[in-house]
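This chain uses plain numbering: 1 for the first residue, then up along the sequence.
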Amino acid sequence: GHNFQHKAYLLEAEEAFSYDDIESAKSLYEKAVSTAREHRFINDEALACELAGYFFLEVKMKDTAMKYFMQAHEKYHDWGAVAKS
């Protein structure tokens, strides 16, 4: 179902990256993040942000990486707050 779409994007992103297809990987990571967000999967969105962050570090796009890490951090925080309540 569509619930796992973001996970599929993440797998495709990793695969694209392993083939050095940086452009595809970039857009797939972005899709994974936005799809998880659309479906309100806070923990998955955090994970997608984190993985995207590591990817952007690898490809020397530090500013973008930091943006994703910050976003992941916020999401983990939100999720922790939700999980505890």
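Linking ILVMFWY side-chain heavy atoms closer than 4.5 Å, directly or via other members, places Leu28 and Tyr68 in two distinct hydrophobic clusters. Hydrophobic clustering, with ILVMFWY side chains joined whenever heavy atoms are under 4.5 angstrom apart, groups Ile42 together with Tyr76. Val59 and Leu51 fall within a single hydrophobic cluster, where Ile, Leu, Val, Met, Phe, Trp and Tyr side chains are chained together by heavy-atom contacts under 4.5 Å.
Contact record, Gly53 with Ala65: O-CB, 3.3 Å, taken as the closest heavy-atom pair. Taking every heavy atom of both residues into account, Ser24 and Ala16 meet most closely at CB-CB, 4.0 Å. Here the closest heavy-atom approach between residue Glu58 and residue Phe17 is recorded as CB-CZ, 3.6 Å. Taking all atoms of both residues into account, the shortest heavy-atom contact from Asp44 to Ala36 is C-CB, 4.1 Å. Scanning all heavy atoms of the two residues, the minimum distance from Ala13 to Ala25 falls at O-CB, 3.6 Å.
When side chains are defined from C-beta on, Val33 counts as touching Gln71, because their heavy atoms get closer than 4.5 Å. The shortest side-chain heavy-atom distance between Glu50 and Phe69 falls under the 4.5 Å cut-off. Counting heavy atoms from C-beta outward, Leu47 and Phe41 have side chains that stay 4.5 Å or more apart.
Taking Lys31 as the reference, Tyr9 meet the side-chain contact (heavy atoms from CB on, under 4.5 Å) condition, with sequence neighbours excluded.
Each salt bridge (charged side-chain N to carboxylate O under 4.0 Å, His left out) pair with one or both residues in residues 61-72, not counting sequence neighbours, would appear here, but there are none.
Annotation: Met66, atom CE; neighbour count of heavy atoms from other residues, nucleotides and ligands within 6.0 Å is above 12.
Partner Thr64 forms a side chain to side chain contact (heavy atoms under 4.5 Å, CB included) with one of Phe56, Phe55, Tyr29 and no other, that one being Phe56.
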Test Phe4 against His39 for side chain to side chain contact (heavy atoms under 4.5 Å, CB included), laying out the working first.
CA-CA 10 Å; Phe4 299 105; His39 295 295; over 6 Å; no
